[in-house]
Amino acid sequence: MSNPQSTTKAEPTQQSQPQKPPVLEEDDEFEDFPVEDWPQEETEHGAAAANGTNNHLWEESWDDDDAAEDFSKQLKEELKKVEASH
Amino acid sequence: MPSIFEDFKEGQRIGSGPRLAAALTPVAPAENPDRLKAFFYFSNSTRLPSDLRYSLFQATGIRLSKQEANSWIEIFSPYWKAVGEIVKFDEAPSHASWVKVFDAWKETTNMLIRGYSTNGLQAWTVPCLYIVGRYLRTFAQKADAELSSQDSVAFGDRFQDDAVTDFRNAKLEEATRVINRMFTLCLSDRASIEESRKWGIYDTTNLLFKSYFKLNSVGLSKNLLRALNASSADLPEMDAFPKSHIVTFKYYVGVIHFLDENYAEAEEHLSYAWNMCHQSAIKNKELILAYLVPCHLVTTHTLPSKKLLSSFPRLEELFRPLCNCIKAGDLGGFDAAMTVAEEEFVKRRIYLPLERGRDIALRNLFRKVFIAGGFDEPKEGQPPIRRTRIPVAEFAAAVRVGTHAKEGSRVDMDEVECLLSNLIYKGLMKGYISRERSMVVLSKGGAFPGTGV
């Protein structure tokens, strides 16, 4: 029943040398889940959708107004130095 | 918690793979600390075959074909031996040995594989493969640790670099070869899909991924992916598999692409893993994000939200300083944060993509110049348009701000132009440099794509 061809394909070979030196800590291995399967509502996606917090993953705001004035001032000061040196 | 024989009986009676696999789980749970001992002391090595025949079949009334029944007895014999070795850790620790546990467990695994390949074990029992394969890895790692601690005692660490390190993972490599046969056993099953061991394919693949990562042979994972790809037409759709199999599989496939610097593809798999991951599997979610965050930075030039990182203190510590600098366009701070965390980034193999964050920091710095430039005189009845012709000198001043340039130091204009053209080339900024006027002319429709201006 076993297929000899795919055995050779997937068999690890002795000549394979370590390619990437750093080894992850044992601690960093993906853990076995305590249950085999779970319903959609218990997935990260399902839970986030239920809470209406679907888009909280990535930063979207630029806070452009918060620091703009400060930066303008700094920029003007440095601009003087740039112009003085050229 | 029921006894090992009760699990076997119930599993067979109701046809439940997980219940049957519970019989082959070599741990004594807190609520039944004597479970393994009770199993070991029910017999002795001379009476074992007949005792097993009695306890597995005659006493339980489970009727299987003669071949199948014999196969289970062949599996439970080395299993009994392995359990005996495990029990020793409790009863005679000085004689206990993980190497012996591993050897007996390997025999159990081989018998189980033979049960499927030649003795007609039914496909619904395939969760037994998951459990037995999982513990084969566990015991191999414990055996390797035991061997290397004995070696370092014997050799006084003198050969740490040559003799010992070569055999550091000998048992894990042995285990991996056995699990590889499990992989073939699942993938090559030609039975119709309802009765196929193919349902075990992702779980056994995951065991191999974990081993290859541990053995620093990530490249071998690609052989598995090729083999899976070649059989993809015969495999059920991914979402038909249990989510624990798929999430783990997607995580590893994502990391494999990540290490090849295929960030877009990596992100696709990691996002899938993230979305389907169990919401309370914190550790696994953290691992997914550790790669997904750098991916996302490279592919979309966006940072993780504060809220996202705040749920994962270790990631917060890892990424927050860098993210703050990228967001603020603080080039000096970015370089310092990269240096401080370099070791950790290298260890987690995320240094390279994070380094690309410097371009994003620079983009954000130059974007601030654009914002600070305000608006041109609005034309009659037209909405105001931002000033799009900006002297190169202003960007030079920004570079001075961003790099915390010292009083009296000079910023090289050619270098600033080089930074500008680099961003334009990479599509992070739209416009051109007019050298004769020392001006940057930015696009009126989206000078900094994807950033709202």
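Lettering follows sequence order; numbering is per chain, from 1.
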Novice: So which of B:Glu394, B:Lys327, B:His278, B:Arg400 has the largest heavy-atom pair count under 4.5 angstrom toward chain A?
Specialist: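 Heavy-atom pairs under 4.5 Å are most numerous for B:His278.
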
Novice: Is the CZ atom of B:Arg386 crowded by more than 12 outside heavy atoms at less than 6.0 Å?
Specialist: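 Counting other residues, nucleotides and ligands, CZ of B:Arg386 exceeds 12 neighbours.
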
Novice: Roughly how far, to the nearest 0.5 Å, is the CG atom of B:Leu303 from the CD atom of A:Glu60?
Specialist: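 Going from the CD atom of A:Glu60 to the CG atom of B:Leu303 covers 11.5 Å.
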
Novice: So which part of B:Ser409 gets closer than 4.5 Å to some heavy atom of chain A, the side chain, the backbone, both or neither?
Specialist: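 Neither the backbone nor the side chain of B:Ser409 comes within 4.5 Å of chain A.
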
Novice: What residues, two or more places apart in sequence or in another chain, satisfy salt bridge (charged side-chain N to carboxylate O under 4.0 Å, His left out) together with A:Asp37?
Specialist: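 So A:Asp37 forms a salt bridge (charged side-chain N to carboxylate O under 4.0 Å, His left out) with B:Lys243.
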
Novice: Please list, chain by chain and in numerical order, all residues satisfying salt bridge (charged side-chain N to carboxylate O under 4.0 Å, His left out) with B:Glu407, sequence neighbours excluded.
Specialist: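 Once residues adjacent in sequence are excluded, the partners of B:Glu407 under the salt bridge (charged side-chain N to carboxylate O under 4.0 Å, His left out) criterion are A:Lys81.
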
Novice: Under 4.0 Å between a Lys/Arg side-chain N and an Asp/Glu carboxylate O for B:Lys214 and A:Glu29?
Specialist: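 No, this pair does not count.
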
Novice: Would you say the side chain of A:Phe33 lies within less than 4.5 Å of the side chain of B:Cys277, judging by non-hydrogen atoms?
Specialist: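 SC-SC contact between B:Cys277 and A:Phe33 confirmed.
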
Novice: In Å and rounded to the nearest 0.5 Å, what is the CH2 to CG distance from A:Trp58 to B:Leu292?
Specialist: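 Answer for the CH2-CG pair, A:Trp58 versus B:Leu292, is 4.0 Å.
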
Novice: Chain B heavy atoms under 4.5 Å from A:Glu69: which part of the residue, side chain, backbone, both or neither?
Specialist: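 Interface part for A:Glu69: neither.
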
Novice: Answer with side chain, backbone, both or neither: which region of B:Val255 has an atom nearer than 4.5 Å to a non-hydrogen atom of chain A?
Specialist: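 No part of B:Val255 comes within 4.5 Å of chain A.
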
Novice: Is any side-chain heavy atom of A:Val82 closer than 4.5 Å to a side-chain heavy atom of B:Met413?
Specialist: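 Counting from C-beta outward, A:Val82 and B:Met413 do come under 4.5 Å.
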
Novice: Decide whether B:His245 and A:Glu36 meet the rule of one side-chain donor and one side-chain acceptor closer than 3.5 Å.
Specialist: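 Yes.
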
Novice: Are more than 12 heavy atoms from other residues, nucleotides or ligands located less than 6.0 Å from atom CD of B:Glu344?
Specialist: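 Yes.
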
Novice: Heavy-atom pairs under 4.5 Å with chain A are the metric here; pick the option from B:Arg134, B:Glu286, B:Lys306, B:Lys222 that has the most.
Specialist: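 Greatest number of close heavy-atom pairs with chain A: B:Arg134.
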
Novice: Within a strict 4.5 Å, meaning less than it, do heavy atoms of the B:Asn284 and A:Glu31 side chains meet?
Specialist: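 Yes, close enough: below the 4.5 Å cut-off.
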
Novice: Please classify the contact of A:Phe30 with chain B as side chain, backbone, both or neither, using a heavy-atom distance under 4.5 Å.
Specialist: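 Looking at A:Phe30, backbone and side chain both touch chain B.
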
Novice: Measuring heavy-atom distances to chain A, does B:Val399 have an atom under 4.5 Å in its side chain, in its backbone, in both, or in neither?
Specialist: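 No part of it gets close to chain A.
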
Novice: Does this structure show an ion pair linking B:Arg137 with A:Asp32, if we count only N-O contacts that are shorter than 4.0 Å?
Specialist: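 Salt bridge flag = no for A:Asp32 with B:Arg137.
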
Novice: Working to the nearest 0.5 angstrom, can you tell me the gap between A:Leu79 CG and B:Phe395 CZ?
Specialist: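 A:Leu79 atom CG to B:Phe395 atom CZ measures 11.5 Å (nearest 0.5 Å).
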
Novice: With side chains defined as the heavy atoms from C-beta onward, is the minimum distance between B:Met276 and A:Gln40 less than 4.5 Å?
Specialist: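 Sidechains of A:Gln40 and B:Met276: in contact.
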
Novice: A side-chain contact here means heavy atoms from C-beta on lying under 4.5 Å apart; do B:Ile371 and A:Trp62 qualify?
Specialist: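 Answer no - side chains too far apart.
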
Novice: Heavy-atom distances under 4.5 Å only: say whether B:Tyr130 touches chain A with side chain, backbone, both or neither.
Specialist: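 Contact with chain A involves the side chain of B:Tyr130 alone.
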
Novice: Apply side-chain contact (heavy atoms from CB on, under 4.5 Å) to the pair B:Leu365 and A:Phe71, showing each step before the final yes or no.
Specialist: CA-CA 10 Å; B:Leu365 179 68; A:Phe71 182 77; 4.0 Å; yes

